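What follows is a short report on a single structure.
In this text, all values refer to a predicted model and were calculated from it rather than measured experimentally. Per chain, numbering begins at 1; letters A, B, ... match sequence-line order.
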2 protein chains.
Amino acid sequence: MDRDRGAEASAVPVPPWRTPPKAVNVRQPLSQERIVQTGLQLLDAEGLDGVSMRRVAQELGTGPASLYAHVSGKEELLDLIFDRVLGEVELPDEPDPQRWIEQVRQIAVSAHRVMCAHADIARVALANVPVGPNALRIAEKQLQIMRAGGVPAQVAAWMIDRLSLYIVADAYEGSLLRVRSREGGEQALAEYFGRIEAYYRSLPPDRFPAFTAHVEELMSGKDEERFEFGLDILLAGLARFGRADGAKSPPG
Amino acid sequence: MDRDRGAEASAVPVPPWRTPPKAVNVRQPLSQERIVQTGLQLLDAEGLDGVSMRRVAQELGTGPASLYAHVSGKEELLDLIFDRVLGEVELPDEPDPQRWIEQVRQIAVSAHRVMCAHADIARVALANVPVGPNALRIAEKQLQIMRAGGVPAQVAAWMIDRLSLYIVADAYEGSLLRVRSREGGEQALAEYFGRIEAYYRSLPPDRFPAFTAHVEELMSGKDEERFEFGLDILLAGLARFGRADGAKSPPG
DNA sequence: ACCTGAACACCGTTCAAGT
DNA sequence: ACCTGAACACCGTTCAAGT
C-alpha cells in the first residue's frame, strides 16, 4: 500500500486548507544557554543598551516574564554574558619565570582585546566583582605567573585586582567611543575629537599655559597605544617586586 | 488713613474666603543653577540612579519638560553635576620640582576622596570625557607639576589621561560597594564579601592552586589601601621619566 | 513544572498649547 | 520667552492564571 510511504508523500503539495504545523523550532524550549546566547548576539549587534529583558524575550519569541524561570534577573544575565566573553581570552600553558612580565602583559592585552571586541560589555565588570569560571581561570593564571616571577603574595594578589580594574576601565571607556562611531559613522567620531581639540586650543593661555602648549600631545595616540602605555607604566612599577630577569621587555 | 499701613494690616487674619497667594518661593524661577543644585542633592541622598529628570523636576515642583529649557538633556545635567563636584578638589599653589611626585600623588588622592564622597558620580566621567572648567583646572595643574618634574611632554600628557582613568574607575567601583552597604547596612556588605570569600575557599585546589592558597591576601585591604597601592605602582612606573630627586616617597 | 498576559511603577524626550 | 500637560516609546519585575 502506497499511503504509508511518508517520504514520497511529502513531495506532493499539502492541501492548502490544512492548518500547517506551527513554525518549526519556534517551540524549542527556553534555556539559560539560549538566553545567554541571544543576549550576546544582541550585545554584539546593538551594544549593551540593546540587551534588555524585553528585547531578549522578543528575539526568542516569548514574553519577558518567561526569562525569569532561567535567570534571576537582568544583572545575572549580564554576568553570564560577560563570563562567556571572557572565555575567549587566551592563556599561556605554563608560567615561565624567565618571561613572567611578558606573560602577564600578554594576558592583559588579550583580555583587553576580547572585551573591546564585544561592544561595551566591560561595564558589567565595573558594576560587580566578576566571579564566573572564566574570570577565575584568568585570575588564577595571572597569580601563578606573578608568584613564579618572585612577586610576594600580597603584592600579586592586589596587583590582579588593580590590573583588571585598569583593563576593564580602559575597555569600557574605549567602547563608548566605538559606540559613538558606530552610531554616527567614522566621521562623527572625528568631529567629536575635533570639537574637543578646538576647545582646548581656544582656552586662555594665561590660565592654561601647560594645556594649551601641549594640545598635540594630549590628543595624540590611538586607543591601543594609550592602553599599552598605561599598562607598561603599571608593569614597570610591578617589576621592582619580582625577579629582575623577567623584565626583559621594558617600556620606553 | 489706616488702610495704607500694609504691615500692620497683615497682622490681622486674612478673611478665610480670600484665595491665599500660591506658596512663597515655589514661583522662584527655574535656572540651570537650581537644577544642578537639586541634582547634586538627589545624588548625595539617593545615588546616581536617584537623579532622573522626572525626580529633579518633581523636587523643583514642576514637570520634567520644564528642565529642557535650561539643560539639553540628562547627559548634560550629569556633566554639570560632575564638574561641580570636581570643584571640591584641592590643588597646591605652585609646582615644586623637588616634590613633584608627592604633589601628583596628593591631587590624585584628593580627587579620589572627593568623588567617593558623592555616591557613584564617578560613572559620569567614565561615560564621557570631562571637559568642564574644574576638570581642566585639575588637569592643567597635574601637567604643570609633571613638566616641572622633568617628565617629557608626551609622557605627561598621556599620564594625565591614565591617572584620571585609574582614579575614576576605582572611585566608581568603590561607590557601588558603598551603595550596597547603604541600602542593606554594614552587615549586607560583610555578607557579600563573606559569600565571595567562602566561594573562593570552596574552589578545587587542583584547578586553582594559587587562588585557594592566597584567599587571605586576595580579600585583605580596605578601599583606600588598595587605591593607594595601585596609585603608587603607577607613580613608581612614572618616576623613571622625571627628576630622580622628586621621588622622595616611594611605595613599599 | 514551565510558561505567559497583563499590570505596576517607573524612564528620557518631544511637542503642541498655553501664559 | 518661558513653562507645561499629555503623550510616545520604552524599561525591569511581579503575579495570578493558564497549560
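When atom types are taken as modelled, the side chain of Arg178(A) and the backbone of Cys116(A) share a donor-acceptor pair closer than 3.5 angstrom.
Of the candidate nucleotides dT14(D), dC3(D), dC3(C), dT14(D) has the atom nearest to the side chain of Tyr68(A). When distances run from any side-chain atom of Ala65(A) to the nucleotides dG12(D), dG12(C), dA6(C), the shortest one goes to dA6(C). Here the side chain of Ser66(B) is nearest to one of dG12(D), dC3(C), dC3(D), namely dC3(D). For Arg54(B), counting side-chain heavy atoms from C-beta on, the closest listed nucleotide (dC11(C), dG12(D), dT4(C)) is dC11(C). Ranking dC15(C), dT13(C), dC3(D) by closeness to the Pro29(B) side chain, first place goes to dC3(D).
Checked for salt-bridge contact, Glu46(B) and Arg55(B) meet the test: a charged N lies under 4.0 Å from a carboxylate O.
The shortest distance between the side-chain N/O atoms of Ser52(A) and the OP1/OP2 oxygens of dC10(D) is not below 4.0 Å. Dashed line: the shortest gap from a side-chain N or O of His70(A) to OP1 or OP2 of dC2(C) is not under 4.0 Å. At the phosphate of dC3(C), neither OP1 nor OP2 sits under 4.0 Å from any side-chain N or O atom of Thr62(A).
Taking the six-membered ring for Trp, Tyr166(A) and Tyr166(B) have ring centres at least 6.0 Å apart.
For the residue pair Ser220(A) and Arg226(A), the shortest heavy atom distance occurs at O-NH2, 3.0 Å.
Pair check for dA1(D) finds dT19(C); Watson-Crick or G-U wobble, both atom distances under 3.5 Å. Checking dC10(C) for Watson-Crick or G-U wobble geometry (two distances, each under 3.5 Å) identifies no partner in any strand.
Distance CE (Met53(A)) to C1' (dT13(D)): 8 Å, rounded to an integer number of Å. Rounded to an integer number of Å, the gap from Asp49(B) CG to dA9(C) C1' is 15 Å. In this entry the distance linking CG of Leu77(B) with C1' of dC11(C) reads 15 Å, nearest Å.
Here, dA9(D) and dC10(C) have their P atoms 22 Å apart, quoted to the whole Å.
A distance of 12.0 Å separates CZ of Arg84(A) from CG of Leu43(A), quoted to the nearest 0.5 Å.
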